[in-house]
Asker: 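I am attaching a structure below and will ask some questions about it afterwards.
Keep in mind the model is a prediction, meaning the values are calculated, not measured. Just so you know, ligand 1 is whichever comes first in the structure, and atom 1 is the first atom listed for that ligand.
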Amino acid sequence: MNAPEFSLQGKIILVTGAGGLIGQEVCDAYAGYGATVIATDNQEIGKLNGQIERLKKRHPDRDICGVSADVTSEESVENLFLGIKEQHKRLDVLVNLAAIDAKFDEGQNAIDLSRFERYPLELWERSVAVNATGLIRVTQHAIRLMLSQDSGNIINVASTYSLVAPNQSLYQTDSQSPPIFKPIDYVGTKSMVPNFSRYVATFYARDGIRCNTVVPHGIFNEHPKAFQDNFAKLSPLGRMCDLKEIRGPFVFLAANASSYMTGSTLVVDGGWTAW
Ligand SMILES: NC(=O)c1ccc[n+]([C@@H]2O[C@H](COP(=O)([O-])OP(=O)(O)OC[C@H]3O[C@@H](n4cnc5c(N)ncnc54)[C@H](O)[C@@H]3O)[C@@H](O)[C@H]2O)c1
């Protein structure tokens, strides 16, 4: 490789939410740049194993494994880290991607209840359990291991809704139907992420551990045409993000190329928050 500072050779990387849209792409990028990848998700193990098999076919020389774990369960996360210590002895990079978005996970019911004044607090609490408490839980376990090895690198994943409020007109895709709103659970739980990264970054800066945030936005995933059109009008680049365009920022933050970065927020939003 002509740019060794971007190589991930020899690095052991744990990705949570690895079975999701971004998770699969990022695991593939990390394996491609030479890392050992531990992919974890709470989805059904057969699905995760299928993904691991596909990854291994694409990267036959890499050490890639899938571990089922639920970030809302202390026991589950503890077992995940026991396995990492036993098998790999160390962890160089943690990527916290696991999250839920109640509006989309709950279907039509949640859409009807998506107005702030009617938003069910049970859904807020479910999102807090995954997106906030789950994030903290996994990070605590990783930090304990990273402190024992005097080094580590954590990448948290926020949203443009960590930085600005949703423009609700994005979600109004059908003039005949009642308006759909981006609900508070996702916005509220994602808002903590950049400052959580700054907290971790400054707390452990002298321990060789760095922590940064990636802010993805609008990754295209077969969205309806009306949504794409709304997005294009509101976006300075005039289009959604291609999944491949998220690889570079995640590789950069995991690699030594970003060694002087900690506590920072890398915004990958096509300019959404620039105006
Ligand atoms: N896709 C986008 O456009 C976009 C934009 C901004 C931010 N993000 C953020 O990027 C991250 C990944 O997004 P995505 O689009 O890949 O989402 P996704 O829903 O496809 O993936 C999230 C993954 O997290 C897993 N997960 C959910 N609850 C879990 C739990 N309790 N324990 C373990 N795993 C759990 C899910 O099974 C899923 O595979 C999220 O943090 C999301 O907020 C995505």
Asker: Can you list everything that forms a ring-ring contact (aromatic ring centres under 6.0 Å, His included) with Y161? Sequence neighbours excluded, please.
Answerer: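 With sequence neighbours excluded, Y161 shows a ring-ring contact (aromatic ring centres under 6.0 Å, His included) to no residue whatsoever.
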Asker: Answer yes or no for Y186: is there a heavy-atom contact with ligand 1 below 4.0 Å?
Answerer: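 Yes, Y186 has a heavy atom closer than 4.0 Å to ligand 1.
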Asker: I need the full list of side-chain hydrogen bond (donor to acceptor under 3.5 Å, both in side chains) pairs touching residues 37-46, with sequence neighbours left out, sorted by first then second residue.
Answerer: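 As it turns out, there is no side-chain hydrogen bond (donor to acceptor under 3.5 Å, both in side chains) pair with a partner in residues 37-46 once direct neighbours are skipped.
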Asker: Of all the atoms in ligand 1, which lie at a distance below 4.0 Å from a heavy atom belonging to V157?
Answerer: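 Numbered from 1, ligand 1 contributes 9 (C), 10 (O), 11 (C).
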Asker: Below 4.0 angstrom from a heavy atom of L97, which ligand 1 atoms are there? Numbered from 1 as shown, please.
Answerer: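 The atoms of ligand 1 under 4.0 Å from a heavy atom of L97 are 10 (O), 11 (C), 12 (C), 40 (C), 41 (O).
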Asker: Could you tell me whether L21 and ligand 1 have an N or O pair separated by under 3.5 Å?
Answerer: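 N/O-N/O distance under 3.5 Å: yes.
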Asker: Provide the number and element of each atom of ligand 1 under 4.0 Å from a heavy atom of G19.
Answerer: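 So the answer, numbered in order with elements, is 39 (O).
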Asker: On the six-membered ring of F231, is K233 placed so that its NZ or CZ lies under 6.0 angstrom from the centre and within 45° of the ring axis?
Answerer: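 Judged by the rule, K233 and F231 form no cation-pi pair.
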Asker: Do you know which two heavy atoms are closest between H59 and D28, and how far apart they sit?
Answerer: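 Result for this residue pair: NE2-OD1, 2.8 Å.
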Asker: When you compare the side chain of I38 with that of I84, does any pair of heavy atoms fall below 4.5 Å?
Answerer: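 Yes, side chains in contact.
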Asker: Check I100 against ligand 1 and report side chain, backbone, both or neither, counting heavy atoms closer than 4.0 Å.
Answerer: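 The part of I100 near ligand 1 is the side chain, not the backbone.
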Asker: Is the F227 ring parallel, tilted or perpendicular to the H223 ring (thresholds 30°, 60°)?
Answerer: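 Aromatic pair F227/H223 classed parallel.
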Asker: Could you walk me through whether C211 and T202 satisfy the side chain to side chain contact (heavy atoms under 4.5 Å, CB included) test, starting with their C-alpha distance in whole Å, then the side-chain angles of each, then the deciding distance to 0.1 Å, before giving a yes or no?
Answerer: CA-CA 9 Å; C211 180; T202 50; over 6 Å; no
Asker: Would you mind finding which of D41, N156, N221 brings a heavy atom closest to atom 39 (O) of ligand 1?
Answerer: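 Ranked by closest heavy atom to atom 39 (O) of ligand 1, first place is D41.
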Asker: Of the backbone atoms (N, CA, C, O) and the side-chain heavy atoms from C-beta on, which set of V130 has a member under 4.0 Å from an atom of ligand 1: side chain, backbone, both, or neither?
Answerer: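 Only the side chain of V130 comes within reach of ligand 1.
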Asker: Nearest to atom 27 (C) of ligand 1 by heavy atom, A99, A98, G17: which?
Answerer: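 Minimum heavy-atom distance to atom 27 (C) of ligand 1 goes to A99.
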Asker: For K190, is the nearest heavy atom under 4.0 Å from an atom of ligand 1?
Answerer: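 Yes, K190 has a heavy atom closer than 4.0 Å to ligand 1.
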Asker: Which heavy-atom pair separates D207 from F203 by the least distance, and what is that distance?
Answerer: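 Closest heavy-atom pair between D207 and F203: OD2-O, 3.9 Å.
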Asker: At a 4.0 Å threshold, what atoms of ligand 1 neighbour a non-hydrogen atom of D70?
Answerer: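 Those atoms are 30 (C), 31 (N), 32 (N).
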Asker: Number the atoms of ligand 1 from 1 as they appear, then name those within less than 4.0 Å of a heavy atom of G218, with their elements.
Answerer: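 Under 4.0 Å from G218, ligand 1 has these atoms: 3 (O).
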Asker: In terms of atom number and element, which parts of ligand 1 are under 4.0 angstrom from non-hydrogen atoms of A69?
Answerer: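 Under 4.0 Å from A69, ligand 1 has these atoms: 32 (N), 33 (C).
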Asker: Under 4.0 Å, heavy atoms only, figure out whether ligand 1 is touched by the backbone of C241, its side chain, both or neither.
Answerer: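 No part of C241 is near ligand 1 at this cut-off.
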Asker: May I ask whether S76 places a heavy atom under 4.0 Å from ligand 1?
Answerer: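 No, S76 has no heavy atoms under 4.0 Å from ligand 1.
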Asker: Q43 heavy atoms, cut-off 4.0 Å: which ligand 1 atoms fall inside?
Answerer: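 The atoms of ligand 1 under 4.0 Å from a heavy atom of Q43 are 39 (O).
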Asker: What about S159: any of its N or O atoms under 3.5 Å from an N or O on ligand 1?
Answerer: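 Looking only at distances, the answer is no, because the N/O contact criterion of under 3.5 Å is not met.
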Asker: For the residue pair P183 and Y119, what are the closest heavy atoms and their distance?
Answerer: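 Closest approach of P183 to Y119, heavy atoms only: CB-CE1, 3.3 Å.
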Asker: Can you tell which of S151, S258, S259 makes a side-chain hydrogen bond (donor to acceptor under 3.5 Å, both in side chains) with R210?
Answerer: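 For R210, the side-chain hydrogen bond (donor to acceptor under 3.5 Å, both in side chains) check succeeds only for S258.
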Asker: Of the non-hydrogen atoms in A31 and V37, which two are nearest, and what is the gap between them?
Answerer: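 Here A31 and V37 meet closest at N-CG2, 3.8 Å.
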